[in-house]
Amino acid sequence: MIYLRQAQERGHASHGWLESWHTFSFADYYDANFMGFSALRVINEDFIDAGQGFGKHPHKDMEILTYVLEGTVEHQDSMGNKEQIQAGEFQIMSAGTGVTHSEYNGNSDRKLHLYQIWIIPDKKGLEPRYEQRLFDAPQGRQLVLSPDARDGSLKVFQDMELSRWALKKDEQSVYTIRAERRVWIQVVKGTVSINGQKAGPSDALAIWDETALSVHADEDSEILLFDLPPV
């Protein structure tokens with residue numbers, strides 16, 4: 001089964017300085033059919049005005065991943081981290097027993113564009129921790145998150161993997177799905193066809209009860225592929 005979650009069908013919040021698109025129910029946006037997918041709880045695509053951002057706020061018992069597409073995030077947290085996250089970088093934070101942090105657009109002349117992704121951890125009460133990494137320029141399929149941090153990936157406390165997959169125009173490949181696993185594909189840019197189902201920028205595909213995916217790039221594209229446990 002493959003379900004297309006079209007970009008324009010997502011929840012939308014406009015706060016003047018922030019335009020946010022919610023894949024799943026979040027804040028004032030509620031849809032009983034979109035409360036999450038497997039271990040995924042939040043996928044927000046945010047556009048933040050220059051010099052603006054989220055003031056200090058708390059989190060608990062959540063794996064929080066940020067992928068910066070354009071601009072620079074200025075991050076501070078209660079663990080003592082004060083970092084800049086540049087375009088192309090991934091940052092993960094285990095909120096665990098509790099953290100507070102702030103995130104601002106570090107540029108005074110352009111918008112910040114990012115994905116913020118929340119993953120439900122496989123255990124509560126983890127010690128808070130912070131990591132960020134700039135991977136090589138996107139080419140092929142790169143492992144970004146894994147439970148054992150193998151091949152230079154960032155560690156996540158959940159039985160899941162996240163790959164960033166860059167595809168050239170007309171490139172075709174196959175992704176084999178292990179038994180009972182679920183897959184979520186988020187299209188970052190370009191247009192792809194997954195088992196014949198076309199998806200464009202900011203669209204997503206929820207996939208279950210499939211054994212393999214035929215992935216075709218209709219143009220130069222980038223996708224995030226989440227390999228997730230059964231519900």
Side-chain angles (χ1 to χ4, degrees), residues 1-11 21-26 29 31-45 62-65 67 69 90 92 115-122 138-148 150-151 153-154 156-231:
M1 178 68 185
I2 299 179
Y3 179 87
L4 175 65
R5 176 63 159 154
Q6 292 183 306
Q8 66 267 26
E9 293 178 347
R10 297 175 296 175
W21 296 88
H22 309 320
T23 295
F24 305 120
S25 295
F26 184 85
Y29 168 63
D31 186 330
N33 293 317
F34 292 95
M35 298 301 295
F37 183 78
S38 180
L40 290 175
R41 177 59 189 86
V42 168
I43 301 179
N44 288 349
E45 185 175 9
M62 196 66 68
E63 301 285 276
I64 299 171
L65 177 73
Y67 178 27
L69 301 180
F90 290 85
I92 191 163
Y115 275 102
Q116 184 166 111
I117 299 160
W118 295 7
I119 300 155
I120 300 168
D122 56 13
Q139 49 187 345
R141 187 158 62 88
Q142 301 170 307
L143 187 63
V144 172
L145 290 184
S146 68
D148 54 3
R150 72 182 183 279
D151 300 333
S153 60
L154 295 165
V156 62
F157 285 93
Q158 180 54 263
D159 176 22
M160 63 152 290
E161 295 176 357
L162 166 63
S163 298
R164 177 175 64 176
W165 199 344
L167 299 130
K168 297 293 187 184
K169 177 177 166 55
D170 293 327
E171 182 178 343
Q172 183 145 346
S173 189
V174 173
Y175 183 82
T176 301
I177 304 174
R178 291 173 287 159
E180 299 185 357
R181 301 290 288 184
R182 293 190 163 208
V183 170
W184 183 274
I185 292 176
Q186 190 72 38
V187 182
V188 176
K189 65 179 181 181
T191 305
V192 297
S193 296
I194 309 294
N195 288 6
Q197 174 67 69
K198 191 180 293 290
S202 300
D203 287 344
L205 297 151
I207 300 157
W208 64 97
D209 294 338
E210 299 282 342
T211 58
L213 300 176
S214 174
V215 182
H216 179 270
D218 300 337
E219 57 186 311
D220 287 356
S221 302
E222 180 185 337
I223 62 174
L224 298 178
L225 188 151
F226 298 83
D227 189 316
L228 299 154
V231 174

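Only a predicted model underlies this, so the values are computations on that prediction, with no experimental measurement involved.
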S.K.: With sequence neighbours left out, write down each residue that passes side-chain contact (heavy atoms from CB on, under 4.5 Å) with S221, or none if nothing qualifies.
M.R.: V192, A217, E219

S.K.: With sequence neighbours left out, what residues match Y175 under ring-ring contact (aromatic ring centres under 6.0 Å, His included)?
M.R.: none

S.K.: Which pairs count as salt bridge (Lys or Arg N to Asp or Glu O under 4.0 Å) when at least one residue sits in residues 198-214, sequence neighbours excluded?
M.R.: K198-D218

S.K.: Which distance, rounded to the nearest 0.5 Å, do you find between the CZ of R41 and the CE of M35?
M.R.: 5.0 Å

S.K.: Under the salt bridge (Lys or Arg N to Asp or Glu O under 4.0 Å) definition, can you give me all pairs with a residue in residues 174-196, not counting sequence neighbours?
M.R.: D159-R181, R178-D227, R181-D227

S.K.: Side-chain donor-acceptor pair under 3.5 Å between D148 and S146, yes or no?
M.R.: yes

S.K.: Can you name the residues that form a ring-ring contact (aromatic ring centres under 6.0 Å, His included) with F90, not counting sequence neighbours?
M.R.: Y67, F135

S.K.: Could you tell me the separation between the CG atom of L213 and the CD1 atom of I194, rounded to the nearest 0.5 Å?
M.R.: 6.5 Å

S.K.: Kindly compute the distance separating CD1 (I185) from CD1 (I207), expressed to the nearest 0.5 Å.
M.R.: 4.0 Å

S.K.: Applying side-chain contact (heavy atoms from CB on, under 4.5 Å), can you list everything that pairs with K169, at least two apart in sequence or on another chain?
M.R.: D220

S.K.: side-chain hydrogen bond (donor to acceptor under 3.5 Å, both in side chains) with S202: which residues, sequence neighbours excluded?
M.R.: E45

S.K.: Tell me if a side-chain donor or acceptor on Q116 pairs with a main-chain N or O of I64 at a distance below 3.5 Å.
M.R.: no

S.K.: Taking all atoms of both residues into account, what is the closest heavy-atom pair of I120 and Q158, and its distance?
M.R.: O-NE2, 2.7 Å

S.K.: Could you work out, with side-chain contact (heavy atoms from CB on, under 4.5 Å) as the rule, every residue matching A166, not counting sequence neighbours?
M.R.: P138

S.K.: In a check of side-chain contact (heavy atoms from CB on, under 4.5 Å) between Q186 and each of T23, I117, L162, which one passes?
M.R.: T23

S.K.: Nearest 0.5 Å, what's the CG-OH distance between L69 and Y115?
M.R.: 6.5 Å

S.K.: Rounded to the nearest 0.5 Å, how far does CD of E63 lie from CG of D122?
M.R.: 8.0 Å

S.K.: CD1/I92 to CG/L145 distance, rounded to the nearest 0.5 angstrom?
M.R.: 4.5 Å

S.K.: Residues two or more places apart in sequence or in another chain: which of them pass side-chain hydrogen bond (donor to acceptor under 3.5 Å, both in side chains) with Q172?
M.R.: S214

S.K.: Among all residues two or more places apart in sequence or in another chain, which pass the side-chain contact (heavy atoms from CB on, under 4.5 Å) test with F34?
M.R.: Y3, R5, F24, D31

S.K.: Do you know the tightest heavy-atom contact between F37 and V183?
M.R.: CE2-O, 3.6 Å

S.K.: With distance as the sole test, does S38 use its side chain to make a donor-acceptor pair with the main-chain N or O of L228 at under 3.5 Å?
M.R.: no

S.K.: Look only at the side chain of S163 and the backbone of L225, and say whether a donor-acceptor pair between them is shorter than 3.5 Å.
M.R.: no

S.K.: With sequence neighbours left out, write down each residue that passes ring-ring contact (aromatic ring centres under 6.0 Å, His included) with F26, or none if nothing qualifies.
M.R.: H22, W118

S.K.: Sequence neighbours excluded, which residues qualify as ring-ring contact (aromatic ring centres under 6.0 Å, His included) partners of W21?
M.R.: H12

S.K.: Locate the shortest heavy-atom distance separating A199 from V187; write the atom from each residue and the value.
M.R.: CB-CG2, 3.9 Å

